[in-house]
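The structure appears right after this line, and notes come after that.
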Amino acid sequence: MASWPTWFALGANDEETTLARDEHNKAAEHHETAAKAHRSAAEHHGKGDHTKGKEHASAAKQHSQTANQHSDQAHSKSQQQK
């Protein structure tokens, strides 16, 4: 796990810092999963398996949208700490 810079916690209590960090981690996980699904979709489309390609593309879109939601929540929680 990445070590957080000391400025990350300035002006915030430990619980607020943890909540913001958790949201950032969730966003990152979904971004990574979306990227994997995009690569898998491209691979299947490249092999002519468009059904599987569409399934992976749909999963990628869902993970991207979920990542965006967590990113928005993380940003909001980070802003509250200022």
Side-chain angles (χ1 to χ4, degrees):
M1 182 181 220
S3 63
W4 293 91
T6 55
W7 56 263
F8 187 77
L10 292 178
N13 68 39
D14 289 340
E15 184 178 348
E16 289 173 337
T17 301
T18 300
L19 291 174
R21 184 179 60 220
D22 288 348
E23 287 300 328
H24 284 291
N25 284 335
K26 288 176 188 176
E29 289 172 12
H30 282 283
H31 281 298
E32 291 166 359
T33 303
K36 289 177 185 177
H38 278 295
R39 286 189 292 273
S40 184
E43 182 178 335
H44 284 288
H45 280 295
K47 292 179 179 180
D49 187 353
H50 300 296
T51 301
K52 281 285 188 188
K54 287 179 183 179
E55 288 175 16
H56 287 284
S58 178
K61 181 179 179 181
Q62 182 60 46
H63 282 290
S64 292
Q65 291 171 336
T66 302
N68 185 53
Q69 292 169 353
H70 285 294
S71 293
D72 289 345
Q73 291 171 2
H75 178 71
S76 176
K77 289 177 182 180
S78 292
Q79 292 299 318
Q80 291 172 4
Q81 294 178 12
K82 289 185 176 183

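What you see is a predicted model; the values in this text were computed from it and never measured.
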Would you sort out whether Q69 and D72 count as a side-chain contact (heavy atoms from CB on, under 4.5 Å), showing the intermediate values? CA-CA 5 Å; Q69 292 169 353; D72 289 345; 5.8 Å; no

Show which side-chain atoms of residues 34-44 pair as donor or acceptor with protein atoms under 3.5 Å away, not counting sequence neighbours.
from : atom 1 : to  : atom 2 : distance (Å)
S40  : OG     : H56 : ND1    : 3.3
S40  : OG     : H56 : NE2    : 3.4
E43  : OE2    : K47 : NZ     : 3.2

Only distances under 3.5 Å count here; give the side-chain donor-acceptor pairs of residues 26-33 to other protein atoms, sequence neighbours excluded, each with its distance to 0.1 Å.
from : atom 1 : to  : atom 2 : distance (Å)
H30  : ND1    : H63 : ND1    : 3.1
T33  : OG1    : E29 : O      : 2.9

Rounded distance [0.5 Å steps], CG in D49 versus NZ in K54: 11.0 Å

Sorted by chain and number, sequence neighbours left out, side-chain hydrogen bond (donor to acceptor under 3.5 Å, both in side chains) with H50 holds for H45

Test item: T18 and R21 side chains (from C-beta on) under 4.5 Å apart, heavy atoms: yes

